[in-house]
There are 2 protein chains.
Amino acid sequence: METLDEIDKTILRMLQHDAKVTTKEIANHLGLTISPVYERIRRLESVGFIKQYVAVLDKSLIDKPITTFCQVSMRYHNEAFIEKFEQEVQELEEVQECYHMGGQVDFLLKINIRSLDEYHDFVKYKLSKIDNIGVLNSTFVLKEIKHTIAYHF
Amino acid sequence: METLDEIDKTILRMLQHDAKVTTKEIANHLGLTISPVYERIRRLESVGFIKQYVAVLDKSLIDKPITTFCQVSMRYHNEAFIEKFEQEVQELEEVQECYHMGGQVDFLLKINIRSLDEYHDFVKYKLSKIDNIGVLNSTFVLKEIKHTIAYHF
DNA sequence: ACTGAAATTGTGCGAAC
DNA sequence: GTTCGCACAATTTCAGT
């Protein structure tokens, strides 16, 4: 019920590379008819293997060319402060990703913005306003070498 | 020709949250008919605003529960070595993302794998085999706080 | 679980304003 | 740049095996 056979895996592999492949194309590729493939896709969606279908946009064209990684360490490490930080980060539109990390750094944030000016404002007026932040260290992406949403499995 | 009006932006915002919204739904939301919306989507695809449509999978369910960030610094910084590294990273299936960074660290890699054992093997047999790597520093994701593919614009 | 087919809905495109 | 309408294709459902 929660395991995948090779047919399921093929379906998932195809969909994560191109969500627009038709059920028919997948079925042909598998040597099946449409119906079983259709029902498997429905199942993979409802069980949660497929979380969502999205269009991936070009971030430079929509005017968010700059990516930075921001390492944040808290001053005090109690539950209340950490939870507060996690909540506030959700609201920050510039934050594309946020991870609670092991090691010296508590959180790693991936930020996308229009300009360095905007990043300055983001740090000054938004990020640093959050309580209990100790160290804050930003590094800038010079070039994106690889970025894939599809997993290899 | 390469600028976006508010209609285009609305279309892109809807598609990056749900690639399965129909042209009709977008048209209704905008108070337009299907055709103009259809043609705008085609244009946004061909001009490159929309790079691809993908299904987003649950990484734990497909057995890649562990995410690590790996900071890599090169020993010597000449063009040939850097290009070699960038090429080899493309081939590594475990590497989800790779960025050339400003600052002390040259590259930041985001890795997804099944187990710590597998990470050990990855570093030992794949990553460290690449020539000219100096420092290599791994940090583990304890919890994913936020992760969105959609940009706020 | 898979087949085949029917009903429904969406896509893709031409003509016209 | 938008509307309308039509032919085609894809989705969704269902009886049958």
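Reminder, nothing fancy here: chain letters follow the sequence lines and each chain counts from 1. For the numbers below, each heavy atom of this structure counts, side chains included, while hydrogens, waters and symmetry mates do not. Worth saying up front: this structure is predicted, and the values here are computed from it rather than measured.
When ring centroids are compared, A/Tyr99 and A/Phe107 stay outside the 6.0 Å threshold.
Closest approach to the A/Tyr38 side chain among D/dT11, D/dT2, C/dC2 is made by D/dT11 (side chain taken as heavy atoms from C-beta onward).
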Kindly indicate, with the supporting measurements, whether the criterion ring pair (Phe, Tyr, Trp, His ring centres under 6.0 Å) is fulfilled by A/Phe69 and A/Phe140. CA-CA 6 Å; A/Phe69 282 91; A/Phe140 290 80; over 10 Å; no
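Of the side-chain N and O atoms in A/Arg42, none sit less than 4.0 angstrom from OP1 or OP2 of D/dT11. For the pair B/Arg40 and D/dT2, the criterion of a side-chain N or O lying under 4.0 Å from OP1 or OP2 is met.
Summarising the geometry, the separation between CD on B/Glu39 and P on C/dG12 is reported as 12 Å, rounded to the nearest angstrom. Remark: P of C/dG10 and NZ of B/Lys20 are 13 Å apart, rounded to the nearest angstrom. Residue B/Ile41 contributes atom CD1, which lies 15 Å from atom C1' of C/dC13 at whole-angstrom precision.
Contacts between residues 21-35 of chain B and DNA chain D, defined by a heavy-atom separation below 4.0 Å, involve B/Thr33, B/Ser35, listed by number.
Residues B/Asp63 and B/Arg114 are paired through a salt bridge, judged by an N-O separation under 4.0 Å between the basic side chain and the carboxylate. The pair B/Arg43-B/Glu39 does not count as a salt bridge, with every side-chain nitrogen at least 4.0 angstrom from each carboxylate oxygen. A salt bridge links A/Glu144 and A/Lys59; the closest N-O separation between the charged side-chain nitrogens and carboxylate oxygens is under 4.0 Å.
Stacking of A/Lys20 on the aromatic ring of B/Tyr53 is recorded, both the 6.0 Å distance cut-off and the 45° axial limit being met.
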